[in-house]
Amino acid sequence: MQSKEWSVGQVAKRCGVKVSTLHFYEQKGLIHTSRNGGNQRRYKPDVLRRVAVIKAAQKMGIDLQSIKAALATLPNNRTPTTQDWQRLSAQWNTDLNARIEYLTRFRDSMAGCIGCGCLSMTHCPIYNLDDKLAAEDSGAVILNRK
């Protein structure tokens, strides 16, 4: 696999993803390929790092739209360097901290009530009598409070 261009199967095997995942990433504009004379996809070896960044960001809970926007800041669709990764991950830091805080509140309230604002639990410690929470917002109003 030291050639200048790799097949989709070689990249999928090396990255630990399915071929369909690479096709999906390409369709979403996250990675780029060229085509050979037989119209087969060919990848440059640096796509491995780009897929690794995508997978790492996804594991952190970053959605593909945000990943695409971050990768779009790289000149000429180049593969992220170590410095790029530091900058990209710093951009997601605030969002990740907010998500961690939310998950912590969710975890800590799971034993009793998740604060959903439902009207169905007659013994709920935060029973939403007459749907008073509707005036505040929709969804898990109480859980969203800080």
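Only this structure's heavy atoms are used, side chains among them; waters, hydrogens and symmetry mates stay out. Since the structure is predicted, the reported quantities are computational estimates derived from the model, not experimental observations.
- L48 meets the side-chain contact (heavy atoms from CB on, under 4.5 Å) test with W6, V11, R14, C15; sequence neighbours excluded.
- Residue L103 is not grouped with residue W92 when hydrophobic side chains (ILVMFWY) are merged at heavy-atom distances under 4.5 angstrom, including chains of intermediate members.
- Residues meeting the side chain to side chain donor-acceptor pair (under 3.5 Å) test with Q83, sequence neighbours left out: T81.
- The stretch residues 27-47 participates, sequence neighbours left out, in these salt bridge (Lys or Arg N to Asp or Glu O under 4.0 Å) pairs: E26-R41.
- When the side-chain contact (heavy atoms from CB on, under 4.5 Å) test is applied to Q58, the partners found at least two apart in sequence or on another chain are Y25, I54, L64, I67.
- With hydrogens and angles ignored, the 3.5 Å screen pairs a side-chain donor or acceptor of S89 with a backbone N or O of W85.
- Listed here is the closest heavy atom pair of G16 and K55: O-NZ, 3.9 Å.
- With a 4.5 Å cut-off on side-chain heavy atoms, L96 and I62 count as touching.
- Nearest heavy atoms, L71 versus L30: CD1-O, 4.0 Å.
- Taking the side-chain contact (heavy atoms from CB on, under 4.5 Å) definition, one finds that K18 meets it with S20, T21, sequence neighbours left out.
- Screening residues 60-82 for salt bridge (Lys or Arg N to Asp or Glu O under 4.0 Å) gives R78-D84 as the qualifying pairs, with residues at least two apart or on separate chains.
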(request) Begin from the C-alpha positions of R87 and T73 and carry the test side chain to side chain contact (heavy atoms under 4.5 Å, CB included) through to its verdict. (result) CA-CA 10 Å; R87 184 178 49 78; T73 66; 3.4 Å; yes
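- Looking only at side-chain heavy atoms (C-beta outward), T79 and V53 stay at 4.5 Å or farther from each other.
- The shortest distance between side-chain heavy atoms of E5 and S34 falls below 4.5 Å.
- Side chain of R50 to main chain of P80: no donor-acceptor pair is present (N/O by atom type, distance under 3.5 Å, no hydrogens or angles).
- Annotation: side chain of Y43 is in contact with side chain of L22 (closest heavy-atom distance under 4.5 Å).
- Applying the side-chain contact (heavy atoms from CB on, under 4.5 Å) rule to N97 yields the partners N93, I100; only residues at least two apart in sequence or on another chain are considered.
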